[in-house]
Participant: 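Pasting a structure here, questions to come.
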Amino acid sequence: MTLDLTPDELLTTTRAVRKRLDLTRPVPRELIEQCVDVAMQAPTGRNRQRWHFLVVTDPGRRRAVADIFLRALPLAVGQPLTEHDLRRMNHHSGSMERIFDGLRHLADNIHRVPAFVIPAVEGRTDHAPVAVQAGAWGSILPAVWSFMLAARARGLGTVWTTAQGPLEGELAQALGVPCDEVMLAAFIPLAYTIGTDFKPARRVPREEVLHWDHW
């Protein structure tokens with residue numbers, strides 16, 4: 001059963017769900033397989049189809065993966081924030097406070113999430129030129145977004161995280177992934193949502209990001 005959403009509603013209300021994940025209800029394998037089938041229709045560079053989706057539902061393995069997630073969170077280091085980053089992040093009052101509150105809730109309950117989806121792509125881009133990176137990441141990220149849209153349409157919630165990054169090698173080893181040949185692209189908690197009434201996010205004005213004929 002899918003939600004009655006128009007394409008625009010689906011695209012604009014697929015939110016990062018942290019506090020409204022139903023932690024008590026298992027997600028049927030059939031639904032996850034349907035979402036993967038949708039994801040595999042995404043574009044892929046040179047039709048190489050190097051994507052993979054690792055789904056973790058076994059209780060013991062979920063606990064081990066959740067432990068890695070929690071230990072990796074404080075190790076994450078991103079690019080330094082610019083003045084423009086900070087202005088956009090806080091364009092709407094309270095946005096970042098709500099995001100961090102949701103992240104804390106997710107971290108406190110990560111061991112209770114019924115399924116983890118870890119998308120991966122064959123071929124590593126460590127220190128590769130931008131053109132090589134674009135080809136690799138452009139062949140997995142559209143598929144992952146398609147997976148998340150398909151999940152939303154089925155009443156499931158997701159949140160894109162890259163928490164696996166600092167401990168990618170350890171997570172790969174725990175799941176039997178050949179880390180020297182495959183990159184783990186994201187770490188996505190998956191569950192039914194508590195309610196389905198998600199709304200579009202508040203963003204900066206279109207005029208700040210739309211460029212016509214020149215920058």
Participant: Is V182 reachable from I140 through a run of hydrophobic residues whose side-chain heavy atoms are each under 4.5 Å from the next?
Facilitator: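 Each belongs to a different hydrophobic cluster.
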Participant: What closest approach, in Å, do A115 and T57 show between heavy atoms, and which atom pair accounts for it?
Facilitator: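 The answer is CB-CG2, 3.8 Å.
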Participant: Test R154 against C35 for side-chain contact (heavy atoms from CB on, under 4.5 Å), laying out the working first.
Facilitator: CA-CA 9 Å; R154 289 161 175 77; C35 294; 3.9 Å; yes
Participant: Has D58 got more than 12 heavy atoms of other residues, nucleotides or ligands less than 6.0 Å from its CG?
Facilitator: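 It does: D58 CG has more than 12 such atoms within range.
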Participant: For A72 versus P166, what's the shortest heavy-atom pair and its separation?
Facilitator: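 Nearest pair, atom of A72 first, then P166: O-CG, 3.6 Å.
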Participant: Please answer: with hydrophobic residues joined when any side-chain heavy atoms are less than 4.5 Å apart, are V38 and V27 in the same cluster?
Facilitator: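 V38 does not cluster with V27.
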Participant: Main chain of T82, side chain of D85: is a donor-acceptor contact present, judged purely on distance under 3.5 Å?
Facilitator: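 Looks like yes, one N/O pair under 3.5 Å.
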Participant: Does CE belonging to M40 count more than 12 external heavy atoms closer than 6.0 Å?
Facilitator: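 No, because the 6.0 Å sphere around CE of M40 holds 12 heavy atoms or fewer from other groups.
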Participant: When you group the ILVMFWY residues by side-chain heavy-atom contacts below 4.5 Å and let the links chain together, are L75 and I68 in the same group?
Facilitator: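 Yes; L75 is reachable from I68 via cluster members.
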Participant: Are I118 and I188 close enough that some pair of their side-chain heavy atoms sits under 4.5 Å apart?
Facilitator: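 Counting from C-beta outward, I118 and I188 never come under 4.5 Å.
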Participant: Are E208 and R87 close enough for a salt bridge, meaning some N to O gap below 4.0 Å?
Facilitator: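 Salt bridge: yes.
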Participant: Just verifying a value: how many Å separate I110 CD1 and R63 CZ, rounded to the nearest 0.5 Å?
Facilitator: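 Here the rounded value is 14.0 Å.
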Participant: Answer yes or no: is there a side-chain heavy-atom contact under 4.5 Å between T13 and P200?
Facilitator: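 A side-chain contact under 4.5 Å exists here.
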Participant: Around atom CD of Q173, are there more than 12 heavy atoms from other residues, nucleotides or ligands closer than 6.0 Å?
Facilitator: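 At most 12 heavy atoms, drawn from other residues, nucleotides or ligands, come within 6.0 Å of this atom.
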Participant: Just by modelled atom types, is the G45 backbone N or O under 3.5 Å from a matching donor or acceptor in the S139 side chain?
Facilitator: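 Yes, because the side chain of S139 sits within donor-acceptor range (under 3.5 Å) of the backbone of G45.
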Participant: Any sub-3.5 Å donor-acceptor pair from R15's side-chain atoms to T12's backbone N or O?
Facilitator: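 It does hold such a pair.
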Participant: If you compare all heavy atoms of P28 against all heavy atoms of Y192, which two are closest, and at what distance to 0.1 Å?
Facilitator: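 Closest heavy-atom pair between P28 and Y192: CD-OH, 3.4 Å.
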Participant: Do F116 and L190 touch side chain to side chain, with heavy atoms closer than 4.5 Å?
Facilitator: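 No, their side chains stay 4.5 Å or more apart.
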Participant: Just how far is it from atom CG of L70 to atom NE2 of H111, taken to the nearest 0.5 Å?
Facilitator: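 Atom-to-atom, L70:CG and H111:NE2 are 9.0 Å apart.
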Participant: Whether R71 and D67 form a salt bridge (side-chain N of Lys/Arg under 4.0 Å from carboxylate O of Asp/Glu) is what I want to check.
Facilitator: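 Counted as a salt bridge, because a side-chain N and a carboxylate O are separated by less than 4.0 Å.
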Participant: Any donor and acceptor pair, going by atom type alone, linking the side chain of T125 with main-chain N or O of A128 inside 3.5 Å?
Facilitator: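 No, because the side chain of T125 does not come within donor-acceptor range (under 3.5 Å) of the backbone of A128.
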Participant: Tell me which one of Q49, H52, E181, R48 satisfies side-chain contact (heavy atoms from CB on, under 4.5 Å) with E122.
Facilitator: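 When Q49, H52, E181, R48 are each tested with E122, the side-chain contact (heavy atoms from CB on, under 4.5 Å) holds only for H52.
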Participant: Measure the shortest side-chain to side-chain distance between P142 and W137 over non-hydrogen atoms and say whether it is less than 4.5 angstrom.
Facilitator: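 Side-chain contact under 4.5 Å: no.
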Participant: Under the 3.5 angstrom rule, does the side chain of H92 hit a backbone N or O of R203 as a donor-acceptor pair?
Facilitator: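 Checked: pair present.
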Participant: R112 and N109: side-chain contact (heavy atoms from CB on, under 4.5 Å), yes or no, with the steps?
Facilitator: CA-CA 5 Å; R112 301 175 58 200; N109 292 278; 3.0 Å; yes
Participant: Taking all atoms of both residues into account, what is the closest heavy-atom pair of S146 and A42, and its distance?
Facilitator: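 In terms of heavy atoms, the two residues are closest at OG-CB, 4.0 Å.
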Participant: With rounding to the nearest 0.5 angstrom, report the OG1 to CG distance, T193 to L21.
Facilitator: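 Reported value, rounded in 0.5 Å steps: 8.0 Å.
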Participant: Go through the structure and list residues passing ring-ring contact (aromatic ring centres under 6.0 Å, His included) with F53, not counting sequence neighbours.
Facilitator: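 Listed in chain order: F147.
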Participant: Would you check if the side chain of T44 reaches a backbone N or O of N47 as a donor-acceptor pair within less than 3.5 Å?
Facilitator: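 Answer holds: no.
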Participant: Determine whether L175 and R61 make a side-chain contact, defined as any pair of heavy atoms from C-beta on separated by less than 4.5 Å.
Facilitator: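 Sidechains of R61 and L175: in contact.
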Participant: When rounded to the nearest 0.5 angstrom, what distance separates CG in D37 from CD1 in I32?
Facilitator: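 So the CG of D37 and the CD1 of I32 are separated by 12.0 Å.
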Participant: Could you pull out all residues at least two apart from D197 that satisfy salt bridge (charged side-chain N to carboxylate O under 4.0 Å, His left out)?
Facilitator: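 For D197, the residues satisfying salt bridge (charged side-chain N to carboxylate O under 4.0 Å, His left out) (neighbours in sequence not counted) are R20.
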Participant: How about L167 and F69: do any of their side-chain heavy atoms sit closer than 4.5 Å?
Facilitator: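 Answer no - side chains too far apart.
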Participant: Which atoms form the tightest heavy-atom contact between P26 and P114, and what is the distance?
Facilitator: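 Between these two residues, the closest heavy atoms are CA-CB, 4.2 Å.
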Participant: Give a yes or no answer on whether the side chain of Q164 reaches the backbone of L184 with a donor-acceptor pair at less than 3.5 Å.
Facilitator: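 Indeed, once roles are kept as given, a pair shorter than 3.5 Å links the two residues.
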Participant: Verify side-chain contact (heavy atoms from CB on, under 4.5 Å) between C179 and R124, making sure each step is shown before the conclusion.
Facilitator: CA-CA 9 Å; C179 195; R124 299 204 62 88; 3.7 Å; yes
Participant: Examine V144 and V36 and state if one hydrophobic cluster contains both, with Ile, Leu, Val, Met, Phe, Trp and Tyr joined whenever side-chain heavy atoms are less than 4.5 Å apart.
Facilitator: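 Result: yes, single cluster for both.
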Participant: Are the side chains of R18 and R104 in contact, using a 4.5 Å heavy-atom criterion?
Facilitator: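 Heavy-atom side-chain distance check fails, nothing below 4.5 Å.
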Participant: For H84, what residues pass the ring-ring contact (aromatic ring centres under 6.0 Å, His included) criterion, not counting sequence neighbours?
Facilitator: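 Per chain and number, H84 pairs via ring-ring contact (aromatic ring centres under 6.0 Å, His included) with no residue.
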Participant: Does the side chain of R152 come within less than 4.5 Å of T158's, by heavy atoms?
Facilitator: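 Answer no - side chains too far apart.
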Participant: Look up atom CZ in F198 and atom CG in L3, then write down how far apart they are to the nearest 0.5 Å.
Facilitator: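 Separation between the atoms: 10.0 Å.
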Participant: Run the side-chain hydrogen bond (donor to acceptor under 3.5 Å, both in side chains) test on T24 and D22 for me, step by step, so that the C-alpha distance in whole Å, both residues' side-chain angles and the decisive distance to 0.1 Å come before the verdict.
Facilitator: CA-CA 6 Å; T24 65; D22 188 338; 2.7 Å; yes
Participant: For M96 and N90, run side-chain contact (heavy atoms from CB on, under 4.5 Å): C-alpha distance rounded to whole Å, both residues' side-chain angles, the deciding distance at 0.1 Å, then the answer.
Facilitator: CA-CA 7 Å; M96 293 311 300; N90 296 284; 3.6 Å; yes
Participant: Kindly say whether V113 contributes a backbone atom to a donor-acceptor pair with the side chain of R62 at under 3.5 angstrom?
Facilitator: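 Such a contact is found between R62 side chain and V113 backbone.
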Participant: Decide, yes or no, whether a salt bridge links E33 with R29 under the criterion of side-chain N to carboxylate O below 4.0 Å.
Facilitator: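 A salt bridge is present here (some side-chain N lies under 4.0 Å from a carboxylate O).
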Participant: Heavy atoms only: give me the nearest P189-V159 pair and the separation to one decimal.
Facilitator: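 Taking every non-hydrogen atom into account, CD-O, 3.3 Å.
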Participant: For the hydrophobic clusters of this structure (ILVMFWY residues joined by side-chain heavy atoms under 4.5 Å, transitively), does one cluster hold both L103 and W160?
Facilitator: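 No, no single cluster joins them.
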Participant: Calculate, to the nearest 0.5 Å, the distance between atoms OG1 and CG belonging to T14 and L5 respectively.
Facilitator: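 Going from OG1 on T14 over to CG on L5, the span is 8.0 Å.
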